[in-house]
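Scroll down for the structure; my scribbles are underneath it.
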Amino acid sequence: MNDLVVKSVDLFGDSVMAAKDREGNIWAGINFFCRGLGMSKRQRDFQVEKVKSDKVLSRGCTLLRAGVFDPANEAYALRLDFIPIWLAKITITDKMQKENPGLAEKLLQYQLKAKDILADAFLPNGGAASMQVCNPSEIPLGELASYLKIMDRVAHRQNLSPHKIAEDFKNDMPILGVEESKITNAVKRKGVECLGGKESNAYNDRSVRGRLYSDLHNQLRRQFGVSTYKAIKRNQADTAVSIIQCYVPPLVLSETIDTLNAQQTLEV
């Protein structure tokens with residue numbers, strides 16, 4: 001990452017190194033959080049490995065070059081919106097509690113306030129960022145249930161509405177099941193209509209039919225800026241269907257279809 005704005009942020013008396021990149025993402029050093037919580041080097045190393053191997057957290061983790069947080073060493077950092085998820089996943093063992101009796105209370109403070117404090121250090125009115133959750137497309141489908149449980153726990157601790165967070169998250173997810181079928185069926189129907197029906201010469205010409213459906217899919221991807229229509233969000237499914245229903249083939253393709261179907265009429 002280049003053009004980073006780096007700061008040492010005071011977090012309940014602990015110094016946590018954090019950086020903001022050119023896209024506005026805020027990254028915080030994992031090791032600095034762990035030191036603040038009083039973890040040993042072995043415990044800190046374990047947490048870094050845990051983040052790197054976690055199917056969700058690894059998507060918000062990056063390795064910063066030496067000189068960013070530490071003059072001589074590289075450092076792993078976690079993106080701001082993944083921090084509450086990571087902290088909520090930390091298990092306080094009996095040994096950790098014995099070695100550091102205040103750990104549980106401090107961890108709770110970190111879970112409640114760390115994200116807002118880091119946001120305030122870099123962003124105007126940064127506390128508003130506490131409502132932000134990571135992009136659902138970054139969560140593997142198999143992890144969604146556990147992710148929502150964690151966000152529910154964090155929401156309760158932050159006095160937010162877990163139902164609103166869950167609903168917003170659900171609507172922001174890529175299309176699944178019913179929505180995908182709705183869009184697929186709309187594409188098929190529109191293609192048949194544009195080609196003049198399943199009995200038409202144009203429909204039965206594989207090359208022309210392929211060009212038509214390819215252009216229809218390209219139109220859909222262009223409208224939503226995605227590489228596949230399956231990445232369209234759930235709350236955009238109805239808009240996608242409307243776009244399909246209003247689709248008109250490009251002139252050159254439309255003329256090809258008309259010419260083929262006119263031949264069919266002459267043969268009759």
Side-chain angles (χ1 to χ4, degrees), residues 22-25 55-60 79 81-82 131-149 151 162-268:
R22 65 172 66 183
E23 285 78 33
N25 297 305
K55 290 182 180 178
V56 175
L57 297 176
S58 60
R59 300 190 176 209
R79 208 173 71 199
D81 42 331
F82 284 83
M131 288 294 292
Q132 180 186 349
V133 294
C134 60
N135 190 322
S137 65
E138 297 175 302
I139 311 298
L141 292 179
E143 296 287 318
L144 286 175
S146 60
Y147 173 80
L148 287 172
K149 286 180 182 178
M151 290 312 299
H163 300 295
K164 182 180 187 306
I165 286 181
E167 187 62 27
D168 290 347
F169 181 81
K170 182 179 71 175
N171 287 333
D172 210 37
M173 286 170 53
I175 55 171
L176 298 172
V178 175
E179 290 86 4
E180 183 178 341
S181 296
K182 185 189 297 186
I183 293 175
T184 300
N185 290 334
V187 168
K188 288 179 180 177
R189 287 194 299 270
K190 189 64 180 181
V192 171
E193 176 190 321
C194 291
L195 291 164
K198 290 187 177 182
E199 304 302 320
S200 69
N201 282 348
Y203 183 88
N204 287 285
D205 186 304
R206 295 178 63 181
S207 174
V208 173
R209 187 174 72 242
R211 287 168 57 194
L212 187 283
Y213 279 111
S214 176
D215 189 70
L216 222 171
H217 282 111
N218 285 337
Q219 169 74 353
L220 205 53
R221 290 194 293 267
R222 279 196 304 271
Q223 291 290 337
F224 293 98
V226 294
S227 58
T228 169
Y229 74 85
K230 293 182 181 181
I232 294 171
K233 297 176 182 178
R234 288 189 70 184
N235 60 358
Q236 296 174 323
D238 290 339
T239 303
V241 171
S242 297
I243 289 172
I244 293 165
Q245 291 171 342
C246 296
Y247 169 80
V248 176
L251 183 61
V252 63
L253 184 54
S254 181
E255 289 178 346
T256 300
I257 292 170
D258 290 343
T259 299
L260 281 172
N261 290 341
Q263 293 173 359
Q264 180 178 2
T265 302
L266 290 173
E267 288 169 3
V268 173

[atom1] of [X] to [atom2] of [Y]: how many Å apart, nearest 0.5 Å?
{"X": "Q219", "Y": "C246", "atom1": "CD", "atom2": "SG", "result": "10.0 Å"}
{"X": "E180", "Y": "I232", "atom1": "CD", "atom2": "CD1", "result": "10.0 Å"}
{"X": "N261", "Y": "Y203", "atom1": "CG", "atom2": "OH", "result": "13.0 Å"}

Review item, side-chain donor-acceptor pairs of residues 186-196, under 3.5 Å, at least two apart:
unit_1: K190; atom_1: NZ; unit_2: E193; atom_2: OE2; d: 3.2
unit_1: K190; atom_1: NZ; unit_2: Q245; atom_2: O; d: 2.9

For N25, all residues meeting side chain to side chain contact (heavy atoms under 4.5 Å, CB included), sequence neighbours excluded: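 In terms of side chain to side chain contact (heavy atoms under 4.5 Å, CB included), with neighbours along the sequence ignored, N25 is linked to D21, E23, W27, R79.
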
Any residue meeting side chain to side chain contact (heavy atoms under 4.5 Å, CB included) with T239, in chain and number order, not counting sequence neighbours: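 T239: side chain to side chain contact (heavy atoms under 4.5 Å, CB included) contacts with F224, I243.
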
Closest non-hydrogen atom pair, N201 against L260: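 Here N201 and L260 meet closest at ND2-O, 3.0 Å.
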
Selection residues 205-217 - residue pairs positive for side chain to side chain donor-acceptor pair (under 3.5 Å), sequence neighbours left out: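 For residues 205-217, and leaving out neighbouring residues, the side chain to side chain donor-acceptor pair (under 3.5 Å) pairs sorted by first residue read D215-Y247.
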
Contacts of type side chain to side chain donor-acceptor pair (under 3.5 Å), residue T184, not counting sequence neighbours: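 So T184 forms a side chain to side chain donor-acceptor pair (under 3.5 Å) with Y229.
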
Pairs meeting criterion salt bridge (Lys or Arg N to Asp or Glu O under 4.0 Å) with involvement of residues 253-262, two or more places apart: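 Pairs touching residues 253-262 that pass the test: none.
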
Selection residues 235-249 - residue pairs positive for salt bridge (Lys or Arg N to Asp or Glu O under 4.0 Å), sequence neighbours left out: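 For residues 235-249: K182-D238.
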
Min side-chain heavy-atom separation V56-F82 under 4.5 Å: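 Heavy-atom side-chain distance check passes, below 4.5 Å.
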
